[in-house]
Amino acid sequence: MQDSKTMLAMCEEQEEKFQFDHFSRADALALGLKLNENAGKQPIPVAIEITVNGLTVFRYFPDGAMPDSELWLQRKRRTVDLMHMSSLRFLAWLEENGETMEDRKLPAHDYAAGGGGFPIRLRGTGVIGSICVSGMPDHRDDHQLIINTLAELFA
């Protein structure tokens with residue numbers, strides 16, 4: 001398991017690397033379908049959500065996805081929208097600063113400090129949306145699914 005300083009640096013690097021020059025609804029569909037394809041290789045169902053400018057433009061719950069995945073997707077999206085960083089980076093940031101979500105007055109039923117939410121950042125503009133997945137046994141695997149899929153698309 002990585003320490004918070006290493007995880008923070010890794011997440012910052014990933015967010016810098018995976019910035020988009022443009023991001024349309026067609027791009028969201030392509031990304032969502034690729035995420036679903038990659039998630040299908042996992043032993044359990046993974047729910048996927050992509051939002052742009054507050055609008056959910058892709059959402060899929062495969063057969064067997066747990067109903068609480070919807071709540072986790074909401075928490076992860078809210079975290080990305082509020083903090084303009086991945087939900088895993090937020091976890092590392094809290095740990096590095098010796099803070100908790102409660103210290104920041106962020107209720108756990110509304111926000112998530114853990115992997116599975118990633119910002120859609122337009123180069124030169126900023127965060128315009130989020131990519132969220134939920135369902136893997138370890139939240140870091142949710143994060144890694146997003147990163148692996150973005151690496152394929154950016155290759």
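Both backbone and side-chain heavy atoms feed into the values below; hydrogens, waters and symmetry mates do not.
- A donor-acceptor pair under 3.5 Å is absent between the side-chain atoms of H143 and the main chain of G115, judged by distance alone.
- Hydrophobic clustering, with ILVMFWY side chains joined whenever heavy atoms are under 4.5 angstrom apart, groups L33 together with L31.
- Closest of all the heavy-atom pairs between I44 and P137 is CD1-CD, 3.5 Å.
- Using modelled atom types, one finds a donor on one side chain and an acceptor on the other under 3.5 Å when comparing S130 with T51.
- Criterion: ILVMFWY side-chain heavy atoms under 4.5 Å apart, direct or through other members. Under it, F20 and V127 are not part of a common hydrophobic cluster.
- With 3.5 Å as the limit, one finds no donor-acceptor pair spanning the side chains of S86 and Q14.
- Side chain of Q42 to backbone of A39: no donor-acceptor contact under 3.5 angstrom is found.
- Between R75 and E70, none of the side-chain N atoms (NZ, or NE/NH1/NH2) sits under 4.0 Å from a carboxylate O, so this pair counts as no salt bridge.
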field: Criterion side-chain hydrogen bond (donor to acceptor under 3.5 Å, both in side chains) on E152 and N38, from CA distance to verdict
entry: CA-CA 10 Å; E152 281 183 56; N38 290 345; 2.9 Å; yes

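- At least one donor-acceptor pair closer than 3.5 Å links the side chain of R121 to the backbone N or O of H84.
- Here OG1 of T79 is found 9.0 Å from CG of D110. Values are rounded to the nearest 0.5 Å.
- Atoms CD and CG, on Q74 and D68 in that order, are 11.0 Å from each other to the nearest 0.5 Å.
- Residues D103 and T100 have side chains in contact (heavy-atom distance under 4.5 Å, counting atoms from C-beta outward).
- No donor-acceptor pair closer than 3.5 Å links the side chain of R104 to the backbone N or O of E99.
- Residues meeting the ring-ring contact (aromatic ring centres under 6.0 Å, His included) test with F18, sequence neighbours left out: F154.
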- prompt: Taking it one step at a time, do V46 and L145 satisfy side-chain contact (heavy atoms from CB on, under 4.5 Å)?
  reply: CA-CA 10 Å; V46 176; L145 174 63; 3.9 Å; yes

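- For the atom pair CG of D81 and CD1 of I128, the computed distance is 11.0 Å after rounding to the nearest 0.5 Å.
- D141 places no side-chain N or O within donor-acceptor distance of the main-chain N or O of M136, the cut-off being under 3.5 Å.
- Hydrophobic cluster of L88: the remaining members, joined at side-chain heavy-atom separations below 4.5 Å, are M7, M10, L91, listed by chain and number.
- Within the model, atoms CD of E13 and CD1 of I147 stand 10.0 Å from one another, a figure rounded to the nearest 0.5 Å.
- The backbone N or O of K34 sits nowhere less than 3.5 Å from a side-chain atom of T149 that would complete a donor-acceptor pair.
- At a threshold of 4.5 Å between non-hydrogen side-chain atoms, the residues D142 and K76 count as touching.
- In this structure, the side chains of C132 and F118 stay at 4.5 Å or more apart for every pair of heavy atoms.
- In the hydrophobic clustering of this structure, F58 groups with L122; members are Ile, Leu, Val, Met, Phe, Trp, Tyr whose side-chain heavy atoms approach within less than 4.5 Å, directly or through other members.
- Cluster membership check: L29 shares its hydrophobic cluster with I146, using side-chain heavy-atom separations under 4.5 Å among Ile, Leu, Val, Met, Phe, Trp and Tyr.
- In R25, the CZ atom is not crowded: 12 or fewer heavy atoms of neighbouring residues, nucleotides or ligands sit closer than 6.0 Å.
- We find that D3 and K5 are not joined by a salt bridge, their nearest charged nitrogen and carboxylate oxygen being 4.0 Å or further apart.
- S4 and A92 make their closest contact through O-CB, 3.6 Å (heavy atoms, listed as atom of the first residue, atom of the second, distance).
- Rounding to the nearest 0.5 Å places CD1 of I48 at 11.0 Å from OG of S134.
- Taken from CG in L35 to CD1 in I131, the straight-line distance is 7.0 Å, to the nearest 0.5 Å.
- With a 4.5 Å cut-off between side-chain heavy atoms of Ile, Leu, Val, Met, Phe, Trp and Tyr, the cluster of M85 takes in L8, L82, M83, F90, W93, L94, M101, L106, Y111.
- There is a path of hydrophobic side-chain contacts, each under 4.5 Å, that joins Y60 to L150.
- Residues S87 and G114 come closest through the heavy atom pair OG-O, 2.5 Å.
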